[in-house]
Q: 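The structure that follows is given in the form of structure tokens.
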Amino acid sequence: MRTSKLLLSTLKETPSDAEIISHQLMLRAGMIRKLAAGLYTWLPLGLKVLHKVEAIVREEMDKAGAQEVLMPVVQPAELWQESGRWDQMGAEMLRMHDRHSRDFCLGPTHEEVITDLIRNEVQSYKQLPANFYQIQTKFRDERRPRFGVMRAREFLMKDAYSFHTDQASLDETYEAMYQAYSRIFTRLGLDFRAVLADTGAIGGSSSHEFHVLASSGEDAIAFSDNSDYAANVELAEALAVGERAAPSQEMELVDTPNAKTIADLVEQHGQPIEKTIKTLIVHGSEVAESKLVALLVRGDHELNELKAEKLPAIESPLRMATEEEIREAVGAGPGSLGPVKLPIHCIADRSVAVMSDFSAGANVDGKHYFGINWERDLPLPPVADLRNVVEGDPSPDGHGHLEIKRGVEVGHIFQLGQKYSEAMSAGVLDENGKNITMTMGCYGIGVSRVVAAAIEQNHDDKGIIWPDAIAPFQIALLPMNMHKSERVREESEKLYEELTAAGYSVLFDDRKERAGVMFADMELIGIPHRVVVGDKGIDKGVVEYKGRRDESNQDVARDSLLEFLNTKLA
RNA sequence: CGGCGUGUAGCGCAGCCUGGUAGCGCACUUCCUUCGGGAGGAAGGGGUCGGAGGUUCGAAUCCUCUCACGCCGACCA
């Protein structure tokens, strides 16, 4: 393609509302433009990349035995009412009605539609297992769309749904999808990890997320330095570390009028942070001994809300108590709480249970106890895993220690079981002519998000550096002074034809621009390979080559260029 | 959905406090020079200052309402 025929809308300046690097570069490179919050138009250059990602996903899904379908974006309410999600979904689902006042929604996902299809089309166990996928636009009315296409309201997703007669068959397809996903992200040229994930409200036994590692990622993932254990931190189990030491201090009541936070306690009173306890008050469930429940976490640890709300004594979803509620129940404000003489139900994190000589609020405003010890000063409350794992924690599988990195969730596979097939009566006849409810699996890839994630992982101060597999063009062909030098023009045109004929996608910069502009634009849009044609080179019978990541140019003999590129791009 | 903030040319911004009829840089058009790392000069085009109402002789500027967008938080099969 010639740049003169391409809408190459590059920007020198960074649009002010773009926060993360991929969003900035996608705007600057002219890949996308915003239409409204969370809604983006893909420009020709961006769409090329999107299509490349799609093609790889499609190939690997086909190879893994899935069949492609295409379902409507607009879906009737009846299906969602049948699965029970019409009421569950909330404002995230955009609803509308047609001219006959029938309710519809923009599909945030397609479990209902596919289940409806398959219950009508598949009658026999002989037709199973089967796996169907589509690459389709989804709409989720995010509370807060941000980061460009990374977290847009309208986005492109590959979603697949598998149907089985039993769990063993589902396990098999699940494994096949796990492998297919690994191949897809490997082919895309991305540094990724598959991690254990929370199955969420949807239940099911097994779930993995695929994360592209990037410092701007919204998720934290933990993985062992000595095994292949990897999990979302929200899920990773925090094991108890060490044993409780014997008391060495007396418990004393200390005036701490200005210490409202753990940080204050550490700064003003010299308490080591790992000898302090944070007391968080949440609402209890019906089975709790009190209306409010106190959760004890070490000062330097973070409460894991997901773990907490899974405890029977705690209301789910988790709800923090307000200051008034706390004062009413405890008699002191949130800055002075602690387990000593606390009048409400209390649960301690595992690492809290092994603390000694620690400090915590005295449940009297402006006072803390120092030198507290379990059993001697107060009984040890029930113990549970309440906190997020931190770097250096032992790996839950017993091998090695945890490292924590940030990732962008680009894929998620999980086992649905019979949630939808049961609610929507999707069954088949088995060998004995008996009706059995189908078992389902579900597998998603955020196609448009992959594009942003790839940039997060592959860029420098000049712009994007596309992995070869998804670059909009493989080669940038830059003629120097073509509009003055007839030899350069002829040579470039010839090269363009040759390279194109050899099957390469070439972006030929035939604009009447200065060299600097061409270089800067090609680097910004991230074309991985660059060939420069100039008078100087023609005299020597060479052209210049530079890989996007290379430090400098190299001369390549004109006659062996094709051969050279064949090895470079192999 | 709560807190905060911002809306002035395609993009980035100034002007607003202290009302007097809109400006800078980039981009765009034409010409001259330059011509291998985002060139220099000259001349141009483009804005109902987010919208509505109000105060005033006069509103981008002050007041009220409203819409949009963004940041932080909460939320996220």
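Naming convention: chains lettered A, B, ... in sequence-line order (proteins, then strands); numbering from 1 in each chain.
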Q: Using atom C1' in both nucleotides, what's the gap between rU8(B) and rG15(B) to the nearest angstrom?
A: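 Between the two C1' atoms, the distance is 9 Å.
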Q: Which atom pairs link the protein and nucleotides 27-29 of chain B when you take only N or O atoms and keep those under 3.5 Å?
A:
residue, atom, partner, partner atom, Å
rA27(B), OP1, K12(A), NZ, 3.4

Q: If you only use heavy atoms from C-beta on, which nucleotide in rA77(B), rG12(B), rG36(B) is closest to the side chain of R85(A)?
A: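 Per side-chain heavy atoms of R85(A), the pick is rA77(B).
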Q: In whole angstrom, give the distance that lies between atom CD of E209(A) and atom P of rC76(B).
A: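 From E209(A) CD to rC76(B) P: 14 Å.
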Q: Quick one: list whatever passes salt bridge (charged side-chain N to carboxylate O under 4.0 Å, His left out) with E78(A), sequence neighbours left out.
A: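 Checked E78(A) against salt bridge (charged side-chain N to carboxylate O under 4.0 Å, His left out); matches are R102(A).
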Q: Could you tell me whether E305(A) contacts a base, only the sugar-phosphate backbone, or nothing, with contacts defined as non-hydrogen atoms closer than 4.0 Å?
A: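 Since only primed, P, OP1 and OP2 atoms lie under 4.0 Å of E305(A), the category is sugar-phosphate.
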Q: Provide, to the nearest angstrom, the distance between the CH2 atom belonging to W80(A) and the P atom belonging to rA77(B).
A: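 Computing the W80(A):CH2 to rA77(B):P distance gives 13 Å.
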Q: Which ones in residues 137-153 of chain A lie close to RNA chain B, meaning a heavy atom under 4.0 Å from one of its atoms?
A: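 Residues of residues 137-153 of chain A under 4.0 Å from RNA chain B: R140(A), R143(A), R144(A), R146(A), R151(A).
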Q: Can you check whether W86(A)'s main-chain N or O pairs, donor with acceptor, with R95(A)'s side chain at less than 3.5 Å?
A: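 The answer is yes, because a donor-acceptor pair under 3.5 Å joins these two groups.
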Q: Counting only side-chain nitrogens and oxygens, does T109(A) get under 4.0 Å of the OP1 or OP2 atom of rA77(B)?
A: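 False: T109(A) side-chain N/O out of range (4.0 Å or more) of rA77(B) OP1/OP2.
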Q: At 4.0 Å (heavy atoms only), tell me whether E544(A) reaches a base, stays on the sugar-phosphate, or touches nothing.
A: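 Base, at least one base atom sits under 4.0 Å.
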Q: In terms of side-chain heavy atoms of N481(A), which of rG36(B), rG38(B), rG12(B) is nearest?
A: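 My answer, after comparing the listed nucleotides, is rG36(B).
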Q: Considering residues at least two apart in sequence or located in another chain, which fulfil the ring pair (Phe, Tyr, Trp, His ring centres under 6.0 Å) criterion with Y178(A)?
A: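 Testing Y178(A) for ring pair (Phe, Tyr, Trp, His ring centres under 6.0 Å), a comparison that skips the adjacent residues, returns H208(A), F210(A).
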Q: Measure the shortest side-chain to side-chain distance between R85(A) and E112(A) over non-hydrogen atoms and say whether it is less than 4.5 angstrom.
A: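 A side-chain contact exists here, since the closest heavy-atom pair is under 4.5 Å.
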Q: Expressed as a whole number of Å, how far does the P atom of rG12(B) sit from that of rU55(B)?
A: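 To the nearest whole Å, 36 Å.
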Q: Can you list everything that forms a side chain to side chain donor-acceptor pair (under 3.5 Å) with E493(A)? Sequence neighbours excluded, please.
A: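 If we apply the side chain to side chain donor-acceptor pair (under 3.5 Å) test to E493(A), skipping adjacent residues, the hits are R2(A).
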Q: Quick check on side chain to side chain contact (heavy atoms under 4.5 Å, CB included): which of E54(A), K158(A), M157(A) does I445(A) satisfy it with?
A: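 Running side chain to side chain contact (heavy atoms under 4.5 Å, CB included) over E54(A), K158(A), M157(A) with I445(A) returns exactly one hit, K158(A).
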Q: Check K307(A) against R387(A) and note the closest heavy-atom contact, atom names and distance.
A: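 Minimum heavy-atom separation between K307(A) and R387(A): NZ-O, 2.7 Å.
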Q: Identify each atom pair where a protein N or O and an N or O of nucleotides 40-47 of chain B are less than 3.5 Å apart, giving names and distance.
A:
none

Q: Distance criterion of 3.5 Å, no angle test: do you see the side chain of D535(A) paired donor-to-acceptor with the base of rG36(B)?
A: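 Not at all, since no donor on one side and acceptor on the other fall under 3.5 Å apart.
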Q: Is there a Watson-Crick or G-U wobble partner for rA59(B) with both distances under 3.5 Å, and which nucleotide is it?
A: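 Pair assignment: rA59(B) / none.
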Q: Give the nucleotide from the list rG37(B), rU34(B), rC72(B) with an atom nearest to the side chain of R514(A).
A: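 Of rG37(B), rU34(B), rC72(B), rU34(B) is nearest to the side chain of R514(A).
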Q: Applying a 3.5 Å limit to both distances, which nucleotide forms a Watson-Crick or G-U wobble pair with rC16(B)?
A: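 Pairing partner: none.
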Q: Using purine N1 to pyrimidine N3 plus N6-O4 or O6-N4 for Watson-Crick, or N1-O2 and O6-N3 for G-U wobble, each under 3.5 Å, what pairs with rU29(B)?
A: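 rA43(B) is the nucleotide pairing with rU29(B).
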Q: To the nearest angstrom, how far is R511(A) atom CZ from rG38(B) atom P?
A: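 In whole Å, rG38(B) P and R511(A) CZ are 14 Å from each other.
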Q: How many Å lie between CE on M518(A) and P on rA39(B), as a whole number?
A: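 To the nearest whole Å, that distance equals 12 Å.
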Q: What are the two closest non-hydrogen atoms of G407(A) and H211(A), and how far apart are they?
A: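 Minimum heavy-atom contact is C-ND1, 3.6 Å.
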Q: Y40(A) vs M26(A), test: side-chain contact (heavy atoms from CB on, under 4.5 Å). Steps then yes/no.
A: CA-CA 11 Å; Y40(A) 291 86; M26(A) 287 179 83; over 6 Å; no
Q: Tell me which nucleotide, if any, is Watson-Crick or G-U wobble paired with rG7(B) when both distances must be under 3.5 Å.
A: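 Pairing partner: rC67(B).
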Q: Within 45° of the six-membered ring axis of Y420(A) and under 6.0 Å from that ring's centre, is NZ or CZ of R119(A) located there?
A: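 Pair R119(A)/Y420(A) does not count as cation-pi.
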Q: Listing request: all salt bridge (charged side-chain N to carboxylate O under 4.0 Å, His left out) pairs with a residue in residues 409-418 of chain A, at least two apart in sequence or in separate chains.
A: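 Residue pairs with at least one partner in residues 409-418 of chain A: there are none.
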Q: Would you measure the distance from the P atom in rC11(B) across to the matching atom in rG51(B) and give it in whole Å?
A: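 Rounded to whole Å, the distance is 15 Å.
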Q: Expressed in whole Å, how much space separates the P atoms belonging to rG47(B) and rG10(B)?
A: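 9 Å, rounded to whole Å.
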Q: Short question: side chain of Q75(A), backbone of T109(A) - any donor-acceptor pair under 3.5 Å?
A: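 Such a contact is found between Q75(A) side chain and T109(A) backbone.
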Q: Figure out the CG/P separation between L306(A) and rC75(B), and round it to whole Å.
A: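 Distance, rounded to whole Å: 10 Å.
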Q: Applying salt bridge (charged side-chain N to carboxylate O under 4.0 Å, His left out), name anything that partners K34(A), two or more places apart in sequence or on another chain.
A: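 If we apply the salt bridge (charged side-chain N to carboxylate O under 4.0 Å, His left out) test to K34(A), skipping adjacent residues, the hits are D17(A).
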Q: Say you pick atom C1' in rA9(B) and the same atom in rC72(B); how far apart are they, in whole Å?
A: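 About 31 Å, rounded to a whole number of Å.
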Q: Return the value, rounded to whole Å, for the distance between atom CD of E523(A) and atom C1' of rG38(B).
A: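 To the nearest whole Å, that distance equals 11 Å.
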Q: To the side chain of P15(A), which of rC72(B), rC11(B), rU34(B) is closest?
A: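 The listed nucleotide nearest to P15(A)'s side chain is rC11(B).
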Q: Categorize M482(A) for me: base, sugar-phosphate, or nothing, with a 4.0 angstrom heavy-atom threshold over every strand shown.
A: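 Counting heavy atoms under 4.0 Å across all strands, no contact is made by M482(A).
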Q: Tell me: CD1 of I32(A) to C1' of rG10(B), nearest whole Å?
A: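 Whole-Å distance recorded here is 16 Å.
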Q: Between the protein and nucleotides 31-33 of chain B, which nitrogen or oxygen pairs come in under 3.5 angstrom?
A:
none

Q: For A515(A), report the nucleic acid contact type (base, sugar-phosphate, nothing); a contact means any heavy atom under 4.0 Å.
A: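 Sugar-phosphate: the residue A515(A), judged by heavy atoms under 4.0 Å, touches backbone atoms but no base.
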Q: In whole Å, what separates the P atom of rG44(B) from that of rU34(B)?
A: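 These two P atoms come out 24 Å apart once rounded.
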Q: Using the C1' atom as the reference point in each nucleotide, state the distance between rU18(B) and rU29(B) in Å, no decimals.
A: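 Looking at atom C1' only, rU18(B) and rU29(B) are 40 Å apart.
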Q: What does K34(A) touch in the nucleic acid at a heavy-atom separation under 4.0 angstrom: a base, only the sugar-phosphate, or nothing?
A: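 Sugar-phosphate contact only - K34(A) comes under 4.0 Å of backbone atoms but never of a base.
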Q: Assess whether one donor atom and one acceptor atom, taken from the side chain of E13(A) and the base of rG25(B), lie less than 3.5 Å apart.
A: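 A donor-acceptor contact between them is present.
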Q: Using side chain to side chain donor-acceptor pair (under 3.5 Å) as the criterion, list what pairs up with Q134(A), not counting sequence neighbours.
A: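 If we apply the side chain to side chain donor-acceptor pair (under 3.5 Å) test to Q134(A), skipping adjacent residues, the hits are H110(A), D159(A).
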Q: Going by side chain to side chain donor-acceptor pair (under 3.5 Å), name the residues that satisfy it together with T439(A), two or more places apart in sequence or in a different chain.
A: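 Counting only residues at least two positions away or on another chain, T439(A) forms a side chain to side chain donor-acceptor pair (under 3.5 Å) with Q418(A).
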Q: Heavy atoms only: give me the nearest V488(A)-P479(A) pair and the separation to one decimal.
A: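 Answer, listing the atom of V488(A) first, then P479(A): CG1-CB, 3.8 Å.
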Q: Mind checking if R530(A) touches a base, just sugar-phosphate, or nothing, with heavy atoms under 4.0 Å?
A: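 Since a base atom lies under 4.0 Å of R530(A), the category is base.
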Q: Given atom CG of D521(A) and atom C1' of rG36(B), what is their separation to the nearest angstrom?
A: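 One finds 15 Å between C1' of rG36(B) and CG of D521(A), rounded.
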Q: When the C1' atoms of rG53(B) and rC67(B) are compared, how many Å lie between them, rounded to an integer?
A: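 That atom pair is separated by 14 Å.
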Q: Is S9(A) close enough to rG10(B) that one of its side-chain N or O atoms is under 4.0 Å from OP1 or OP2 there?
A: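 No, S9(A) has no side-chain N/O under 4.0 Å of OP1/OP2 on rG10(B).
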Q: Checking Y443(A) now: which residues fulfil ring pair (Phe, Tyr, Trp, His ring centres under 6.0 Å) with it, not counting sequence neighbours?
A: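 Per chain and number, Y443(A) pairs via ring pair (Phe, Tyr, Trp, His ring centres under 6.0 Å) with no residue.
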Q: Does rG36(B) pair with anything, Watson-Crick or G-U wobble, both distances under 3.5 Å, and if so, with which nucleotide?
A: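 Pairing partner: none.
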